[in-house]
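These notes are about the structure you will find just below.
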Amino acid sequence: MYYQNVQELKAVKNKRIYSMPYTPRNCDRRVEYPLDLLIVAKGCYPDLFQDIKVHEFALKLYQDVYGVDRATAEEIRSAQYLDWTVEYDF
């Protein structure tokens, strides 16, 4: 009931809505905080950040911080609800 007209929002119609990584409480203390900032920056200023691919940045972040391989980093990205970044080459 609360969201029945959300599809009428200009941002939704123009596909200018972005999903953030899964954020439990204390989001300012999380390792993934740089991803939050990058999604906001790229969403607000796509021309300035067109050379950055969030989906690749996320993999590198997970690999560097957690010391995991690429396949595991891809699983982490998916678990954080960031598959859309791959789908939209964001």
Side-chain angles (χ1 to χ4, degrees):
M1 162 176 131
Y2 299 109
Y3 305 107
Q4 63 186 1
N5 295 322
V6 76
Q7 70 275 4
E8 298 303 317
L9 292 172
K10 183 178 174 183
V12 173
K13 288 181 177 182
N14 293 327
K15 298 186 179 194
R16 294 296 305 257
I17 302 292
Y18 304 98
S19 174
M20 305 297 280
Y22 173 70
T23 307
R25 49 192 202 130
N26 299 325
C27 63
D28 61 334
R29 297 183 191 139
R30 294 179 319 110
V31 172
E32 293 85 359
Y33 191 62
L35 281 173
D36 294 342
L37 295 177
L38 189 56
I39 290 169
V40 169
K42 188 171 173 89
C44 291
Y45 304 102
D47 293 339
L48 294 176
F49 293 89
Q50 64 185 342
D51 60 325
I52 297 175
K53 302 294 185 185
V54 173
H55 59 90
E56 288 296 330
F57 179 88
L59 294 181
K60 180 160 178 25
L61 177 74
Y62 300 142
Q63 289 174 302
D64 291 348
V65 171
Y66 298 125
V68 297
D69 61 16
R70 185 176 176 91
T72 303
E74 289 172 352
E75 290 176 12
I76 295 170
R77 183 180 60 199
S78 183
Q80 291 209 302
Y81 305 110
L82 291 174
D83 288 339
W84 69 270
T85 62
V86 178
E87 182 180 342
Y88 292 99
D89 194 30
F90 187 83

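Residues take their numbers from the sequence shown, with the count starting at 1. Keep in mind that the numbers below use all heavy atoms, side chains included, and drop hydrogens, waters and symmetry copies.
- Of all heavy-atom pairs between Ala73 and Tyr62, the closest is O-CD1, 3.5 Å.
- Within the 3.5 Å criterion, the main-chain N or O of Val54 finds no donor-acceptor partner in the side chain of Lys42.
- Lys13 pairs by the salt bridge (charged side-chain N to carboxylate O under 4.0 Å, His left out) definition with Glu8, not counting sequence neighbours.
- Here the shortest heavy-atom pairing between Cys44 and Arg16 reads O-NH2, 4.2 Å.
- Asp47 meets the salt bridge (charged side-chain N to carboxylate O under 4.0 Å, His left out) test with no other residue; sequence neighbours excluded.
- One distance of note links CD1 of Ile39 with CD1 of Ile52; it measures 12.0 Å at 0.5 Å rounding.
- Among all heavy-atom pairs drawn from Leu59 and Glu74, the shortest one is CD2-N, 3.5 Å.
- Remark: Glu56 engages Arg70 in a salt bridge (charged side-chain N to carboxylate O under 4.0 Å, His left out) (not counting sequence neighbours).
- Partners of Tyr2 according to the side-chain contact (heavy atoms from CB on, under 4.5 Å) rule, which considers only residues two or more places apart in sequence or in another chain, do not exist here.
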Distance-only check: which donor-acceptor pairs under 3.5 Å involve side-chain atoms of residues 83-90, not counting sequence neighbours?
| residue | atom | partner | partner atom | Å |
| --- | --- | --- | --- | --- |
| Asp83 | OD1 | Ser78 | OG | 3.4 |
| Asp83 | OD2 | Ser78 | OG | 2.9 |
| Trp84 | NE1 | Ser19 | O | 3.3 |
| Thr85 | OG1 | Leu82 | O | 2.6 |
| Asp89 | OD1 | His55 | NE2 | 2.9 |
| Asp89 | OD2 | Lys53 | NZ | 3.0 |

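- Under the rule for a salt bridge (charged side-chain N to carboxylate O under 4.0 Å, His left out), Asp51 has no partner lying at least two apart in sequence or in another chain.
- With rounding to the nearest 0.5 Å, the separation of CD1 in Ile76 from CD in Gln63 is 9.0 Å.
- Considering CG of Asp69 and CD of Glu75, their distance stands at 8.0 Å, rounded to 0.5 Å.
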